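Heads up, the thing below is written out as structure tokens.
On a predicted model such as this, the values are computed, not experimentally measured, just so you know. Positions are given from 1 along the sequence.
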Amino acid sequence: MTPTHAEDLGRARTAADFAAIRALLDTDLNNAIARKQELQQAEDRAIFGEGDLAAARAALDDCNDAIALVERTIEAVDKRRIAVAQSEARVDIEALGAEIRTKAASLGERWKSVHELIEQLRQKLFAADALSRAIIAANAISMPTAPSA
């Protein structure tokens, strides 16, 4: 793992940050695995007298250690990314809950207003009906009936 990755890991705060670091670590792992293959070939050549066997084995051991370190780091990054993603999801859910509570309160107020308007309309309808009956009754009283012949 390069010091840059360690710095990036220290600054990582979001799941996206950890995912980006994970991608860099995957690249490092692939490069280390390719390097390991090269070192294994160098070790094989050294066994047959083409190079320093001790140096080839030491380099191979160092490469194996680097691969193990990158793999452990990937595991740690994955665990932290999952934890941060869950935390971010909780925050999002809490924000949505607050938004829903606000909208529900607003909707409740609107329904209350609707019920009040309906009650006002009912009262006006009863008043209009009473007025209509009063007018009909007044007209009936003021209109003399025609004598029958």
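The CD1 atom of I141 sits 12.5 Å away from the CD1 atom of I136 when rounded to the nearest 0.5 Å. Here SG of C63 is found 9.5 Å from CD of Q37. Values are rounded to the nearest 0.5 Å. Atom NE2 in H5 sits 3.5 Å away from atom CG in D28 (nearest 0.5 Å). To the nearest 0.5 Å, the span separating CZ on R133 from CD1 on I135 amounts to 13.0 Å. Here L125 contributes atom CG and I118 contributes atom CD1; the two are 12.5 Å apart, rounded to the nearest 0.5 Å.
Residues S132 and D129 bring no donor and acceptor atom of their side chains to less than 3.5 Å of each other.
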Give the table of side-chain donor-acceptor pairs shorter than 3.5 Å for residues 77-100, with sequence neighbours excluded, one pair per line with atom names and distance.
unit_1 : atom_1 : unit_2 : atom_2 : d
D78    : OD1    : R22    : NE     : 2.8
D78    : OD2    : R22    : NE     : 3.2
D78    : OD2    : R22    : NH2    : 3.2
E88    : OE2    : A15    : N      : 3.1
E99    : OE2    : K103   : NZ     : 3.0

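Follow the hydrophobic side-chain contacts under 4.5 Å out from L60 and you never reach I47; the two are in separate clusters. Connection of L117 to F126 is not established within any shared hydrophobic cluster, with ILVMFWY side chains joined at heavy-atom distances below 4.5 Å, either directly or through further cluster members. I21 and I74 fall within a single hydrophobic cluster, where Ile, Leu, Val, Met, Phe, Trp and Tyr are joined by side-chain heavy atoms under 4.5 Å apart, directly or via other members. Side-chain heavy atoms closer than 4.5 Å link hydrophobic residues (I, L, V, M, F, W, Y) into clusters, and following such links, possibly through other members, connects I67 to L9.
Side-chain contact between L29 and L25 is absent, with no heavy atoms from C-beta onward closer than 4.5 Å.
Sorted by first and then second residue, the salt bridge (charged side-chain N to carboxylate O under 4.0 Å, His left out) pairs with a member in residues 53-67 read E43-R57; sequence neighbours excluded. Sorted by first then second residue, the salt bridge (charged side-chain N to carboxylate O under 4.0 Å, His left out) pairs that include residues 116-128, not counting sequence neighbours, are E119-R122.
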